[in-house]
Amino acid sequence: MKEAKREGLTYGLRHIAFNPAQAMTDTELSEFADRLCEELGANKAYRALILHQKDSKRHGHLILPEWQHDHVLSSRFSYMRLEKVARLEEIRLGHP
């Protein structure tokens, strides 16, 4: 948060929640979070990933710092880019 403030950013953290329609293992959810990081240009070493169960379904929350030590996370077309990663993951896992 201090780095974001120093860089004049409005937000210090980005939160991405994902709630798959079909069951995924913790490993699959973690690998999906890795692909989200790759798409956004985020360093995986600085991520916080929270996996938990709610209403008998496993899902995750990915928290990323907006400031990545040498650049700000890209937010261009972020909705479409996150949807692209989600659809590719569904294909990879054979989900409808």
Side-chain angles (χ1 to χ4, degrees):
M1 296 300 290
K2 288 180 184 177
E3 291 172 335
K5 188 173 184 174
R6 182 192 70 223
E7 296 298 321
L9 301 176
T10 303
Y11 303 103
L13 299 171
R14 186 170 306 183
H15 171 237
I16 301 167
F18 45 97
N19 190 12
Q22 287 194 308
M24 291 174 69
T25 67
D26 287 354
T27 300
E28 289 170 336
L29 289 167
S30 180
E31 290 171 352
F32 177 63
D34 289 347
R35 285 185 255 294
L36 291 171
C37 288
E38 290 170 13
E39 179 65 32
L40 297 173
N43 185 334
K44 295 184 296 185
Y46 302 117
R47 76 178 191 179
L49 178 60
I50 298 96
L51 302 177
H52 66 101
Q53 190 161 324
K54 183 177 179 182
D55 300 327
S56 74
K57 290 181 73 177
R58 201 93 176 119
H59 70 276
H61 300 266
L62 177 62
I63 311 296
L64 300 168
E66 287 288 338
W67 176 250
Q68 293 282 313
H69 293 287
D70 62 352
H71 69 283
V72 176
L73 285 183
S74 171
S75 60
R76 287 188 63 135
F77 304 104
S78 60
Y79 178 80
M80 291 188 304
R81 292 167 65 200
L82 296 176
E83 284 293 308
K84 174 190 81 171
V85 174
R87 299 299 79 80
L88 290 172
E89 191 71 4
E90 289 171 345
I91 292 167
R92 192 180 72 72
L93 295 174
H95 291 184

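Worth saying up front: this structure is predicted, and the values here are computed from it rather than measured. Note that these values count all heavy atoms, side chains included, but never hydrogens, waters or copies made by symmetry.
Listed here is the closest heavy atom pair of Leu62 and Ala33: CD2-O, 4.0 Å. Considering all non-hydrogen atoms of both residues, Pro65 and Leu13 come closest at CA-CD2, 3.9 Å. The two residues Leu64 and Cys37 have their closest heavy-atom pair at CD2-SG, 3.8 Å. For the pair Leu9 and Glu66, the tightest heavy-atom approach, listed with the atom from each and the gap, is CD1-CB, 4.0 Å.
To the nearest 0.5 Å, atom CG of residue Leu29 and atom CD1 of residue Ile50 are 12.5 Å apart. We find the CD-NZ distance between Gln22 and Lys57 to be 9.5 Å, quoted to the nearest 0.5 Å. Taking CE of Met80 as the start and OG of Ser78 as the end, the distance is 9.0 Å to the nearest 0.5 Å. Here the CD-CD distance, from Gln68 to Glu7, works out to 12.0 Å after rounding to the nearest 0.5 Å.
Within a 6.0 Å sphere centred on CG of Asp55, heavy atoms belonging to other residues, nucleotides or ligands number 12 at most.
Looking at heavy atoms from C-beta onward, Ile16 lies in side-chain contact with Leu40 at the 4.5 angstrom threshold. Proximity of His52 to His61: side-chain heavy atoms (C-beta onward) are separated by under 4.5 Å at one or more points. No side-chain heavy atom of Arg58 sits under 4.5 Å from any side-chain heavy atom of Glu28. You'll find the side chain of Pro96 stays beyond 4.5 Å of the side chain of Glu90, heavy atoms only. Looking at heavy atoms from C-beta onward, Ser30 lies out of side-chain contact with Lys44 at the 4.5 angstrom threshold. Put simply, the side chain of Leu36 reaches to within 4.5 Å of the side chain of Phe18, judged on heavy atoms.
A single hydrophobic cluster is not seen to contain both Ile63 and Leu49; linkage of ILVMFWY side chains at heavy-atom distances under 4.5 Å, directly or through other members, places them apart.
A side-chain donor-acceptor contact under 3.5 Å links Arg81 to the backbone of Arg76. A donor-acceptor pair is defined here as one N or O able to donate and one able to accept, closer than 3.5 Å; such a pair exists between the side chain of His71 and the backbone of Gly41. A donor-acceptor pair under 3.5 Å is formed between the side chain of Asn43 and the backbone N or O of Ala45.
At a threshold of 4.0 Å, the pair Arg35-Glu38 does not count as salt-bridged, since none of the basic side-chain nitrogens sits closer than that to a carboxylate oxygen.
Taking the six-membered ring where the residue is Trp, His69 and Tyr46 present tilted rings, their angle falling between 30° and 60°.
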